[in-house]
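Have a look at the structure below, then the notes.
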Amino acid sequence: MRTSTRLFGPQANEESPSGYDAAIEAFRALRPTLFDAIHPFLTDRESAISKAALAAVIPLLTSPELAHHVEALHKDVRALAADSSPYRRRAIHTLASWGEDITVFQQDTDMPADIHVHAEGYTDDPPF
């Protein structure tokens with residue numbers, strides 16, 4: 001049995017009515033559960049853990065069910081964008097997708113001034 005079939009059921013490779021693969025929709029349905037599992041680590045005393053947790057939940061916030069968390073995490077995402085952590089670029093891209101002016105964060109990076117992002121993530125194709 002193929003892995004996707006085992007994880008998402010026999011319809012995992014079939015096109016869903018909304019046009020996305022059933023596997024992708026199954027993953028999207030897990031976003032609130034993933035957020036709930038990561039959320040306690042956002043306030044961890046260890047800075048590396050809390051930053052990694054924030055970077056992990058950022059992509060989950062595109063879920064309509066989690067949109068209400070954006071306001072509460074906005075300050076933390078801005079702080080992460082100003083930080084020198086490995087998650088800085090993700091935070092900057094997220095702020096851009098939220099329609100925020102990110103020029104202050106681009107001054108110390110090699111990021112292009114014209115970042116094209118949309119609600120579901122980056123518009124550039126992945127390198128693989």
Are His39 and Val57 packed together at the side-chain level, in the sense that at least one heavy-atom pair is separated by less than 4.5 angstrom?
no
All side-chain hydrogen bond (donor to acceptor under 3.5 Å, both in side chains) counterparts of Thr103, not counting sequence neighbours
Asp101
Show me the donor-acceptor pairs, under 3.5 Å and distance only, between side chains in residues 64-75 and residues at least two apart or in other chains.
residue, atom, partner, partner atom, Å
Glu65, OE1, Ser63, OG, 2.3
His68, ND1, Glu65, O, 3.2
His74, NE2, Glu100, OE1, 2.3

I need the full list of salt bridge (charged side-chain N to carboxylate O under 4.0 Å, His left out) pairs touching residues 45-58, with sequence neighbours left out, sorted by first then second residue.
Lys51-Asp83
So, Arg31 side chain and Arg28 main chain: donor-acceptor pair closer than 3.5 Å or not?
yes
Which atom of Ala37 lies closest to which atom of Pro40, heavy atoms considered
O-CD, 3.5 Å
Name of the residue among Leu80, Thr94, Ile49 meeting side-chain contact (heavy atoms from CB on, under 4.5 Å) with Leu54
Leu80
How close do Ile92 and Ala81 get, counting heavy atoms only, and between which atoms?
CG1-CB, 3.7 Å
d(Ile58 CD1, Trp98 CH2) to nearest 0.5 Å is 6.5 Å
Nearest heavy-atom approach of Leu61 to Phe35 is CD2-CE1, 4.1 Å
